[in-house]
J.: 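Can you read through this structure? Questions will come right after.
The first residue in the sequence is number 1, and the count goes up from there. All heavy atoms count here, side chains included; hydrogens, waters and symmetry mates do not. Both counts, for ligands and for their atoms, begin at 1 and track the order of listing.
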Amino acid sequence: MVNDLRNALQQQQFSICLQPIIHLASGRIHKAESLIRWQHPERGMIAPAEFIPIAEEFGLIDAIGDWVFYESVRWLPSCIEIAGEDFQFSVNKSPVQFMREEDRSDWLVHLVKLHLHGNNLIIEITEGLLLNPIRQITDKLFKFRDAGVQIAIDDFGTGYSSLAYLKKFHVDYLKIDQSFVRDITTNPNDMALCEAIIVMAHKLGLQVTAEGVETAEQRDLLLAAGCDYAQGYYFARPLPP
Ligand code: C2E
Ligand code: CA
Ligand code: CA
């Protein structure tokens, strides 16, 4: 798979899908998450959960992550035209990408070249990145923040949630992991967890996106709990741009 991954970029086997992120109170599409897709010539569609860890381990994630970013922003102007000036793309950035020595492919420079703003970009990171922050990582995060890029913590609640760092790094969004959202209509504990995350986030000045919303009942409960944004099959599956 490593060899196939090496060829995949050159042979244009990757594509992106976009999944709308809905502002719950208004029902409006306000953001979209970019998700990579790999169409393998023999094996068909391979899930990112299968190949991203391999790309990380074998030093291929930088090139792949950069490709996802460039491909995403290519679609940004038309999305802005449809959804409004404040539309944002949410791009996943692996912790491994933060570790590389020099950032040759400067995302911010690329945005400026296209006359786009940092405000139109959200970077999704995982909790682990903030747990043991080194200069290399924090400098990059602050640089993004200074350019108006927002930061979201992905899969919130599944890792070692280090609450102190939420404040220190001026995180903008918590994305409640799908595993907490899945059973909120039947499991009072999961509902209580979602409510607690929402209250805590709001007290800290952060906004909340619920992931994996698949039914109207889940949407209604999250809206009543004050959740800001939601994403999931109920609204739309990840779709070609
Ligand atoms: P993630 O960042 O948590 O992305 C959300 C995943 O949940 C996506 O899976 C999406 O298709 C799926 N999903 C969305 N709505 C629903 C729903 O209502 N129900 C259910 N059951 N699932 C839903 P996907 O596209 O297979 O991606 C899996 C993971 O792979 C992502 O999880 C992310 O960690 C990683 N990934 C995807 N694209 C990239 C990328 O460009 N760069 C990096 N570093 N990681 C990526
Ligand atoms: Ca994500
Ligand atoms: Ca997630």
Side-chain angles (χ1 to χ4, degrees), residues 5 8-9 13-22 24 29 31-40 44-75 88-100 105 107 121-129 137 140 150-159 161 171-185 190 194 197 208-219 221-222 227 229-241:
L5 263 179
L9 259 184
Q13 292 165 7
F14 292 124
S15 60
I16 57 162
C17 273
L18 302 175
Q19 187 176 36
I21 299 175
I22 310 306
L24 275 176
I29 296 177
K31 318 173 193 297
E33 178 172 3
S34 248
L35 296 158
I36 192 169
R37 294 291 174 262
W38 182 17
Q39 181 70 44
H40 190 283
M45 240 359 158
I46 301 182
E50 203 178 324
F51 69 82
I52 292 285
I54 294 171
E56 288 176 339
E57 189 177 341
F58 290 91
L60 301 168
I61 191 66
D62 283 335
I64 293 175
D66 285 345
W67 182 84
V68 170
F69 170 74
Y70 293 131
E71 179 64 12
S72 305
V73 294
R74 205 161 72 77
W75 296 97
Q88 295 170 303
F89 263 140
S90 215
V91 177
N92 294 285
K93 192 155 182 165
S94 148
V96 179
Q97 288 175 268
F98 278 90
M99 297 300 289
R100 77 175 147 193
S105 58
W107 290 11
L121 184 66
I122 298 172
I123 292 179
E124 298 195 6
I125 59 175
T126 43
E127 293 166 289
L129 192 70
I137 293 169
K140 281 179 196 166
Q150 292 191 305
I151 304 289
I153 304 288
D154 210 352
D155 309 332
F156 184 77
T158 59
S161 310
V171 167
D172 298 283
Y173 304 95
L174 299 184
K175 297 192 78 172
I176 305 181
D177 190 63
Q178 339 187 330
S179 58
F180 299 114
V181 173
R182 194 174 301 133
D183 299 322
I184 50 171
T185 52
D190 282 350
C194 288
I197 292 173
V208 180
T209 303
E211 291 190 302
V213 177
E214 295 186 350
T215 66
E217 293 75 32
Q218 291 169 335
R219 190 249 347 244
L221 282 175
L222 289 160
C227 187
Y229 296 95
Q231 172 181 2
Y233 296 167
Y234 172 68
F235 303 102
R237 288 183 176 256
L239 302 165

J.: Starting from the Ca ion (ligand 3), look over the N/O/S atoms of Asp154 and name the nearest one.
T.: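 Of all N, O or S atoms belonging to Asp154, OD1 is the one nearest the Ca ion (ligand 3).
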
J.: Check whether any side-chain N or O of Asp172 sits under 3.5 Å from a backbone N or O of Ala152 as a donor-acceptor pair, and report yes or no.
T.: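 Flag not set: sc Asp172 to bb Ala152 has no pair under 3.5 Å.
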
J.: Using a 4.5 Å cut-off on heavy atoms from C-beta on, say whether the side chain of Thr209 contacts that of Phe156.
T.: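 Sidechains of Thr209 and Phe156: no contact.
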
J.: Got Gln39 and Met45 here, is their nearest side-chain heavy-atom distance under 4.5 Å?
T.: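 The answer is yes; the side chains approach within 4.5 Å.
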
J.: N/O of Pro48 under 3.5 Å from N/O of ligand 1, yes or no?
T.: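 In this structure, Pro48 places no N or O atom under 3.5 Å from an N or O of ligand 1.
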
J.: Consider ligand 1: state whether an atom of it lies below 4.0 angstrom from any non-hydrogen atom of Gly212.
T.: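 It does; at least one heavy atom falls under 4.0 Å.
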
J.: Does the protein put a heavy atom less than 4.0 Å from atom 34 (O) of ligand 1?
T.: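 So atom 34 (O) of ligand 1 lacks protein heavy-atom neighbours under 4.0 Å.
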
J.: Report the part of Leu35 (side chain from C-beta onward, or backbone N, CA, C, O) that has a heavy atom under 4.0 Å from ligand 1; answer both or neither where that applies.
T.: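 For Leu35, the contact with ligand 1 is made by both the backbone and the side chain.
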
J.: Would you say Gln97 and ligand 1 have an N/O pair spaced under 3.5 Å apart?
T.: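 Such a contact does not occur with ligand 1.
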
J.: What is the name of the N/O/S atom in Glu33 that sits closest to the Ca ion (ligand 2)?
T.: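 Distance check against the Ca ion (ligand 2) picks out OE2 in Glu33.
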
J.: Check contact between Gln231 and ligand 1, using heavy atoms of the residue and a distance below 4.0 angstrom.
T.: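 Contact absent.
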
J.: Could you list the atoms of ligand 1 found under 4.0 angstrom from a heavy atom of Gln19?
T.: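 Ligand 1 atoms under the 4.0 Å threshold to Gln19: 14 (C), 15 (N).
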
J.: Could you check whether any side-chain N or O of Gln218 sits under 3.5 Å from a backbone N or O of Glu214, counting only pairs where one atom can act as donor and the other as acceptor?
T.: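 Judged by distance alone, yes, a pair lies under 3.5 Å.
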
J.: Taking only heavy atoms of Val68, which atoms of ligand 1 are found under 4.0 Å from at least one of them?
T.: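 Matching atoms, with element in brackets: 41 (O).
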
J.: With a 4.0 Å heavy-atom cut-off (strictly under), which part of Gln178 contacts ligand 1: side chain, backbone, both or neither?
T.: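 Side chain only.
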
J.: For the pair Tyr173 and Tyr229, name the ring-plane relationship: parallel under 30°, tilted 30 to 60°, perpendicular over 60°.
T.: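 Perpendicular.
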
J.: Under a 4.0 angstrom heavy-atom cut-off, which atoms of ligand 1 come close to Glu214?
T.: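 Matching atoms, with element in brackets: 17 (C), 18 (O), 19 (N), 20 (C), 21 (N).
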
J.: Tell me whether Ser90 has at least one N, O or S atom under 3.0 Å from the Ca ion (ligand 2).
T.: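 Of the N, O and S atoms in Ser90, none lies under 3.0 Å from the Ca ion (ligand 2), which means no.
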
J.: Report yes or no: does Arg182 have a heavy atom closer than 4.0 Å to ligand 1?
T.: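 Outside the 4.0 Å threshold, so no.
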
J.: Flag the pair Glu127 / Thr158 as yes when at least one side-chain heavy-atom distance between them is below 4.5 Å, and no otherwise.
T.: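 Yes, their side chains come closer than 4.5 Å.
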
J.: Evaluate the side chain to side chain contact (heavy atoms under 4.5 Å, CB included) criterion for residues Leu5 and Phe51: first the C-alpha distance (whole Å), next the side-chain angles of each, then the deciding distance (0.1 Å), finally the verdict.
T.: CA-CA 8 Å; Leu5 263 179; Phe51 69 82; 3.9 Å; yes

J.: At what distance is the nearest protein heavy atom to atom 11 (O) of ligand 1, and which residue and atom is it?
T.: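 Here the closest protein heavy atom is Pro238 CG, 3.3 Å.
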
J.: Which residue and atom name correspond to the protein heavy atom nearest atom 18 (O) of ligand 1, and how close is it?
T.: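 Its nearest protein heavy-atom neighbour is Tyr233 N, 2.8 Å.
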
J.: If you measure every N/O of Glu124 against every N/O of ligand 1, is any gap under 3.5 Å?
T.: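 In fact, backbone or side chain, Glu124 has no N or O that close.
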
J.: Side chains of Pro238 and Leu18: does their closest heavy-atom pair fall under 4.5 Å?
T.: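 No. Closest side-chain heavy atoms not under 4.5 Å.
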
J.: Consider side chain to side chain contact (heavy atoms under 4.5 Å, CB included). Of Ile153, Ile197, Ile21, which one does Lys175 pass it with?
T.: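 When Ile153, Ile197, Ile21 are each tested with Lys175, the side chain to side chain contact (heavy atoms under 4.5 Å, CB included) holds only for Ile21.
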
J.: Heavy-atom contact check, 4.0 Å cutoff: does Ala47 meet ligand 1?
T.: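 Outside the 4.0 Å threshold, so no.
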
J.: If you take all heavy atoms of Pro240 and Cys17, which pair is closest and at what distance?
T.: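 The answer is N-SG, 3.9 Å.
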
J.: Is it the side chain (CB and beyond), the backbone, both or neither of Asp155 that lies under 4.0 Å from ligand 1, heavy atoms counted?
T.: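 Side chain only.
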
J.: Evaluate the ring planes of Phe69 and Trp107, with Trp represented by its six-membered ring, and classify them as parallel (under 30°), tilted (30 to 60°) or perpendicular (over 60°).
T.: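 Because their plane-to-plane angle is under 30°, the rings of Phe69 and Trp107 count as parallel.
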
J.: Can you tell me the N, O or S atom of Asp155 that's nearest the Ca ion (ligand 3)?
T.: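 Minimum-distance N/O/S atom of Asp155 relative to the Ca ion (ligand 3) is OD1.
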
J.: With a 4.5 Å cut-off on side-chain heavy atoms, are Val181 and Glu211 touching?
T.: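 Not in contact.
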
J.: Do Glu33 and Asn92 make a side-chain contact, defined as non-hydrogen atoms from C-beta onward lying under 4.5 Å apart?
T.: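 Touching, per the 4.5 Å side-chain cut-off.
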
J.: Would you check, one step at a time, whether the test side chain to side chain donor-acceptor pair (under 3.5 Å) holds for Ser94 with Glu56?
T.: CA-CA 8 Å; Ser94 148; Glu56 288 176 339; 2.8 Å; yes

J.: Any protein heavy atom under 4.0 Å from atom 42 (N) of ligand 1?
T.: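 Under the 4.0 Å cut-off, atom 42 (N) of ligand 1 does have protein heavy-atom neighbours.
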
J.: Under 4.0 Å from ligand 1, counting heavy atoms only, is it the side chain of Glu211, its backbone, both or neither?
T.: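 Only the side chain of Glu211 comes within reach of ligand 1.
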
J.: Passes side chain to side chain contact (heavy atoms under 4.5 Å, CB included), Val68 versus Ser72? Steps please.
T.: CA-CA 6 Å; Val68 170; Ser72 305; 3.9 Å; yes

J.: Hey, which atoms in ligand 1 end up nearer than 4.0 Å to a heavy atom of Gly232?
T.: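 What qualifies from ligand 1 is 15 (N), 18 (O).
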
J.: Tell me which part of Val213 gets within contact of ligand 1: side chain, backbone, both or neither, using heavy atoms under 4.0 Å.
T.: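 Backbone only.
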
J.: Can you confirm whether Gln231 sits close enough to Ser90 that some side-chain heavy atom of one is under 4.5 Å from a side-chain heavy atom of the other?
T.: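 A side-chain contact under 4.5 Å is absent here.
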
J.: Applying a heavy-atom cut-off of 4.0 Å, say which part of Glu33 lies close to ligand 1: side chain, backbone, both or neither.
T.: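 It is the side chain that gets close, since no backbone atom is under 4.0 Å.
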
J.: Give a yes or no on whether Glu211 keeps an N, O or S atom under 3.0 Å from the Ca ion (ligand 2).
T.: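 So Glu211 does not bind the Ca ion (ligand 2) by this criterion.
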
J.: How about atom 38 (N) of ligand 1: does it have a protein heavy atom within less than 4.0 Å?
T.: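 Yes.
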
J.: What is the name of the N/O/S atom of Glu124 that is nearest to the Ca ion (ligand 2)?
T.: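 Per the distance ranking, Glu124 contributes OE1 as its closest N/O/S atom to the Ca ion (ligand 2).
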
J.: Is the shortest side-chain heavy-atom distance between Arg219 and Phe235 below 4.5 Å?
T.: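 The answer is yes; the side chains approach within 4.5 Å.
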
J.: Ligand 1 and Ser34, any nitrogen or oxygen pair closer than 3.5 angstrom?
T.: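 So ligand 1 has no N or O lying under 3.5 Å from an N or O of Ser34.
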
J.: How far is atom 2 (O) of ligand 1 from its nearest protein heavy atom, and which residue and atom is that?
T.: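 For atom 2 (O) of ligand 1, the nearest protein heavy atom comes out as Asp154 OD2, 3.0 Å.
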
